[in-house]
Each structure stands twice: as C-alpha cells, then as structure tokens.
Amino acid sequence: MKYVLVTGGVVSGLGKGVTASSIGLLLKSCGLRVTSIKIDPYLNIDAGTMSPFEHGEVFVLDDGGEVDLDLGNYERFLDIKLTRDNNITNGKIHRAVIDKERKGDYLGKTVQVVPHVTDAIQDWIERVAMIPVDGQEGPADVCVIELGGTIGDIESMPFIEALGQFSYRVGSGNFCLVHVSLVPVLSVVGEQKTKPTQHSVRGLRGLGLTPNILACRSTEPLDENVKEKLSQFCHVQAENIITLHDVSNIWRIPLLLKDQKAHKAILKVLNLLSVVREPDLVDWTSRAQLCDKLHDPVRIAMVGKYNGLSDAYLSVLKALLHASVACRKKLIVEWVAAGDLELTTKEETRMAAWDLLKGANGILVPGGFGDRGVQGKILAAEYARENRIPFLGICLGMQTAVIEFARNVLNLQDANSTEFDPETANPCVIFMPEGSKTHMGGTMRLGSRTTYFQTTDCKSAKLYGNVTSVDERHRHRYEVNPDMIKQLESAGLSFVGKDETGERMEICELPHHPYYVGVQFHPEFKSRPGKPSGLFLGLVAAACGQLDTLIPNSGRANQPQSLKKGITIMSNGSSGMKVHQNGNSIKAANGMLNGVYANGNGVHI
C-alpha cells in the first residue's frame, strides 16, 4: 500500500479537501485504485452533532456514518463509497484507547499519548486503507490521507507525531507528503510573499515531517523566481512546487495538477512511474470546459435555514450542478432564508425574499432540524403547489410539504409535526418509535435504506429508470404519521415510495402537478456528474421545460435529448453556479479553492 498525506499550513480553508480529491482523481486516471481517509482532530466522535453554521454539512455514508463534508468530495471525485471508519477523529481514537485500557489490554502499563495513542492512529490508518471502496475485491493501490486543520494546532499534535512515525513504519518509497500552503500577495507591494510558506514548512519539519511536494495557493500562477526561492528555503525541488491558483471552476483543479506534472512527482516518490499509464482525463476536461460555456440560466430557489454558509448545503449544491450541466443550463441558486418569508419578518426583508422566490424556475426545500424557519418552508411549499412551480422537498422539506397539504387542502389548520408542537391535535409528522430522546449522536435513522415504489406510473419511479426499488441515504428522527396516510391520499397527495414495512413514507408526489416531489431520504449524497440524481435532474428539467423530454426515457443516467449529442458527462466535481442571497455575500468554509469567488453582491460557486 502506498500513502499520500495532504497537510495544510498558514491558514485554514485553503482547500486541502479539494486538493486531496484532485490528487486521488489524478492517480485514478493513471490506472491506480485509490481510497481516502480524512483525519479531523476535534474531540467529537463524529460530525453528527455539529452545527452546520460551524462545520458545514454533515455528509452521510451508506453505513450510516455521519462524517466531514470532505468525504463527500472524495466520493464525488473518485466515484467510490467510503465507510464511517474512513473519517478518523480524536474522539474515536481516544475512545478506542480508553476502551482497551478498561479491558486491560495494556497489561498494567501507563497509557500515554506516545506510544499508545500514536500506535492506535497508525493501526487505524493501516486497517481502513485495506477496505475496498470501489466495488472491486482486494485493497486499493494508494490511500490519500488528508489531515484536517493547520500545522501547529494543539489538537493535531498526536496525529502529526503518529504520521511521522508512520512514514518510517511503511518505509521509503511508500509515503509521499504534499503540503498545501499560502503564497499571498500584499496589495501594497504587489509581490508574492514566500515567508508564510517558509515558516509553515519549517514548523512541519520541526515536527518530524518533510514535504516532498509543495502545493501553493495563490491568486495567480507563481513566478519562477518565487518557486526558486521556495525551493531553496523549503528544501523542495523546484519541479515539485505546484501552483494552485484561482480557476473558473474546481473541475479544473485536477487539470491544473496534471498540467504541472504533479502526478509524475507523486508517482516518482512512490516508485510507481514505471507501472502506470498517462492520466486519462478526457471526459473530465470536456466537463470543465462545458461548465464554463453554459450561459442559458435556470434559477432554483433554495429555501433553507442555514443560508449564511453555503457549505451547509454543499451536497445539495453539487447535485443541482450535476443536473443543470446535464440539462445544458447555467445554474443560478437564489438563496431564500426560510424565516424571511414569514409574516413576522420586517416587510422590506420579507418582500425581497418573496421576490427571489417568485422569480425562480424551481423551488428546493432542503433538510434541517428545529422550528426556526419552518413556517417559511411551509409557505414556499404552498406557493409551489398552488402556482404549479417545480418543487423538491428533502427530509424536513418533505415533512413541511405534508404539513402544508394537511393545513390547506384537508383544512386541518392546526396540523403540525410533533417536533414543533408536541401537543398538536393533528400530528402529520411524528417521532419515530425506535428513536432516542435522551442521546443525540448516532441515534437517528441513518445510512442507506431501500425504498419500494408502490407504482411505476409516477415521476419518481420513471426518473430512477422504472425500477421497483431504490437505495438512498437517510438522516432523520421524524416521519410522516402513517395513521394519516389514507386521509392525505384521499385528498390527492400520493405516497409512491415506502419502506419494506409499507408503514414508513419515503416519497410523495402530486400526480397532476408538473413536478411536486417530496422525499424523506437525501438523494444529494449519491449524485455524481455523470450520474446525476434522478430527482434533482427531474427538478432542473422541469424548471427549464425539459421534463417531457426526460421522463419517457429509461435508466438512471437518463438525460435530455439535447445532452445526447456532443460531450459525454461523467464522474464528478463542482462549480459553475452563481449564488445570490438578498444582495449579500455567502461565506464558504473551504475558501476559494472550493470554487467560491467574491463578485459584487454574491459569490460564484
């Protein structure tokens, strides 16, 4: 097994996740099998209980693991399926060590960070690296490891020490260190400054790790004299210093690495140059070029609760992008804060939010927790239903659509979820019987579950290729009340997808609406550019008038006829969408390398 470690220095948010994903894709395009591990130094067991505002979205895996959003990048770039153990945290490591100590496995020894914690980290990496993630038998050829945080962080120290030991454990020729650093340009002097990177590398070397390759973030390509200076002071060969400058979309990052022969530098360190082919990124290149050429817009209103940080809905944005590129449309996301639609909001803010909603071609209500903004989501569902606007509700979005239908079609004005009103007389949405009300972490209905279509004569089944069932990933504590299904269906809301018991509602539709779909699961987690989620594809196709062309065809990878000529869309990435939020900029946790560029009143993603 060969290992590529990606670390970061100077500041956080440089885009280590996209860099690690791009390196993995580049190696995969050379014919190697690749797996990935993300190390997060925080003490949480997993990301499941962390705020989207602080940490971005919680990405859910097939096995129910609630993990860092970077694992979503790995899955999309590499088209693999990771496990919960591919995300290592300080919490997981320390729990494993304490459990062994309690069982007496250390035979009376004093349990210390070195060697017990560091050994546990190394053993975990070696074990997880051997797990197949690409559907083939046997371990991968290369494991790309991303170390979260910044060199020098206190919580990272055990991992730095462990990785230093690990580089000696696996031996020379099996370990390559790529250090991502910042080369800023001070506006006063207009010169690329190398001192931050010099200090970062010096700190890394002082901790026992020597970088083989420097990946330098900058606004423009590095000058040759800057590369020579970095080479001299950081003890890295000039040809191993890579520029990661700003690009039009992040699908271009792997191409940027390829153009600078980063793959050859990595393969040379790993002694793999003689056993691989030249990277094949023809489809990837075509997609990156196509993304920049799209001009005809499709506007999707995102009625969310966590709009202050776009990474809170990262996978939803990627899934929308995959679908819009398949439809040959430039995605424009209109960010509508759900609470701004409510009557209690200041009129000027409320009117601006409604203007954005009414100007959209389609409406998407994503998941969330808690009662803040729920009334706004209900109002958005009502507007989409009454005005025949294409609508997709995900998780809480589906639940609010059901509540809206019960209130305004069944005239049950007090209909609600017991999450928001435990005493409601008409509980449309209830707490799942198997859920825990005392513990939050890892107690939801999580991971891949099978949804069985009750009929193939519905939009959802057709978008999935006329299959009888589909596996999608879940993350929820509440469900549609099965006791109200007959009442809801008699009024016209059709529950076309259910679980294996037939008691848990998974998909609902309005049959005579152009496109009105709610799902309890999260289809965004399994969307890929070459295989966009059928439900997202349906939303975007309906929003741009292509649904009639799309649905008669069969197969999950169905695409509008206009797509079947010319460039083939495959694999994954992100970019090419323009984002607005009532005239304000939206922060993106992963910085500019993750595809976010400031531009006037909005940002480009």
Side-chain angles (χ1 to χ4, degrees), residues 4 6-26 29 70 73 77 146 150 178-201 211-234 236-266 279 281 284-285 287-293 573-578 587-599 603-605:
V4 177
V6 179
T7 61
V10 183
V11 295
S12 61
L14 289 177
K16 295 187 303 297
V18 176
T19 303
S21 301
S22 299
I23 288 171
L25 174 67
L26 197 55
S29 73
D70 278 320
N73 279 327
F77 269 62
E146 178 194 348
T150 305
V178 179
H179 187 59
V180 182
S181 188
L182 177 68
V183 178
V185 175
L186 300 182
S187 57
V188 178
V189 295
E191 179 186 1
Q192 293 175 332
K193 308 301 289 185
T194 64
K195 195 63 71 177
T197 296
Q198 291 181 42
H199 283 296
S200 178
V201 171
N212 302 104
I213 296 169
L214 283 182
C216 299
R217 283 288 291 117
S218 62
T219 54
E220 300 292 338
L222 294 185
D223 297 333
E224 286 302 318
N225 64 310
V226 172
K227 282 189 177 184
E228 292 173 5
K229 189 173 183 181
L230 285 171
S231 176
Q232 182 179 8
F233 283 93
C234 298
V236 176
Q237 296 178 15
E239 58 267 29
N240 287 6
I241 298 176
I242 309 299
T243 301
L244 295 177
H245 58 78
D246 293 352
V247 290
S248 56
N249 68 72
I250 66 166
W251 286 344
R252 292 193 174 277
I253 298 299
L255 306 179
L256 195 62
L257 293 173
K258 175 178 175 289
D259 291 343
Q260 297 176 77
K261 297 181 172 52
H263 58 291
K264 290 189 175 181
I266 295 170
L281 291 173
W284 194 273
T285 302
R287 183 171 52 259
Q289 293 172 345
L290 172 63
C291 192
D292 289 337
K293 294 177 181 177
S574 56
S575 178
M577 58 183 114
K578 188 178 181 182
K587 295 186 296 180
N590 282 353
M592 295 178 69
L593 188 59
N594 206 20
V596 181
Y597 304 99
N599 182 28
V603 297
H604 281 82
I605 292 184

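Keep in mind that the numbers below use all heavy atoms, side chains included, and drop hydrogens, waters and symmetry copies.
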Starting from the C-alpha separation in whole Å, work towards a yes-or-no answer on side chain to side chain contact (heavy atoms under 4.5 Å, CB included) for Val185 and Glu191. CA-CA 5 Å; Val185 175; Glu191 179 186 1; 5.9 Å; no
Looking at the rings of Phe77 and Trp284, which for Trp means the six-membered one, are their centres under 6.0 Å apart? yes
Just how far is it from atom CD1 of Ile213 to atom CD of Glu239, taken to the nearest 0.5 Å? 10.5 Å
Do Ser200 and His179 meet the criterion of a side-chain donor-acceptor pair at a distance under 3.5 Å? yes
Counting C-beta onward and ignoring hydrogens, is there a side-chain heavy-atom pair between Val178 and Asn212 closer than 4.5 Å? no
List the steps and the verdict of side chain to side chain contact (heavy atoms under 4.5 Å, CB included) for Ile266 and Ile23. CA-CA 9 Å; Ile266 295 170; Ile23 288 171; 3.7 Å; yes
Which atoms form the tightest heavy-atom contact between Ile241 and Ser231, and what is the distance? CD1-N, 3.5 Å
Nearest non-hydrogen partners of Asn240 and Ala265, listed with the distance: OD1-CB, 3.4 Å
Do the side chains of Arg217 and Thr19 get nearer than 4.5 Å, heavy atoms only? no
Ser218 and Thr243 have their tightest heavy-atom pair at OG-CG2, 3.7 Å
Rounded to the nearest 0.5 Å, the OG atom of Ser29 sits from the NE2 atom of His263 at a distance of 7.5 Å
Could you state the interatomic distance from CG (Leu244) to CG (Leu257), rounded to the nearest 0.5 Å? 5.5 Å
Evaluate the side chain to side chain donor-acceptor pair (under 3.5 Å) criterion for residues Thr219 and Asp246: first the C-alpha distance (whole Å), next the side-chain angles of each, then the deciding distance (0.1 Å), finally the verdict. CA-CA 5 Å; Thr219 54; Asp246 293 352; 5.4 Å; no
So CD of Gln232 and CG of Leu230: to nearest 0.5 Å the spacing works out to 10.5 Å
Is there a side-chain contact between Leu255 and Thr285 in this structure, where contact means two heavy atoms from C-beta onward sitting under 4.5 Å apart? yes
Gap separating the OG1 atom of Thr194 from the CG atom of Leu182, nearest 0.5 angstrom: 11.5 Å
Show, in sequence, the C-alpha distance, side-chain angles and deciding distance for Gln289 and Arg252, and conclude whether the side chain to side chain contact (heavy atoms under 4.5 Å, CB included) test is met. CA-CA 9 Å; Gln289 293 172 345; Arg252 292 193 174 277; 3.9 Å; yes
Which pair of heavy atoms, one from Gln192 and one from Val183, lies closest together, and at what distance? CB-CG1, 3.8 Å
Hey, are Lys16 and Asp70 close enough for a salt bridge, meaning a charged N less than 4.0 Å from a carboxylate O? no
In short, Glu146 meets Ala20 closest at the heavy-atom pair CB-CB, 4.3 Å
Under 3.5 Å donor-acceptor pairs involving side-chain atoms of residues 220-229, not counting sequence neighbours:
none

Pairwise distance CD1(Ile242) to CG(Leu214) - rounded to 0.5 angstrom: 9.0 Å
Answer yes if the side chains of Ser21 and Asn73 hold a donor-acceptor pair under 3.5 Å, and no otherwise. no
Flag side-chain contact, heavy atom, 4.5 Å: Pro211 against Cys234: no
Residues Asn249 and Ala288: closest non-hydrogen pair is ND2-O, 3.3 Å
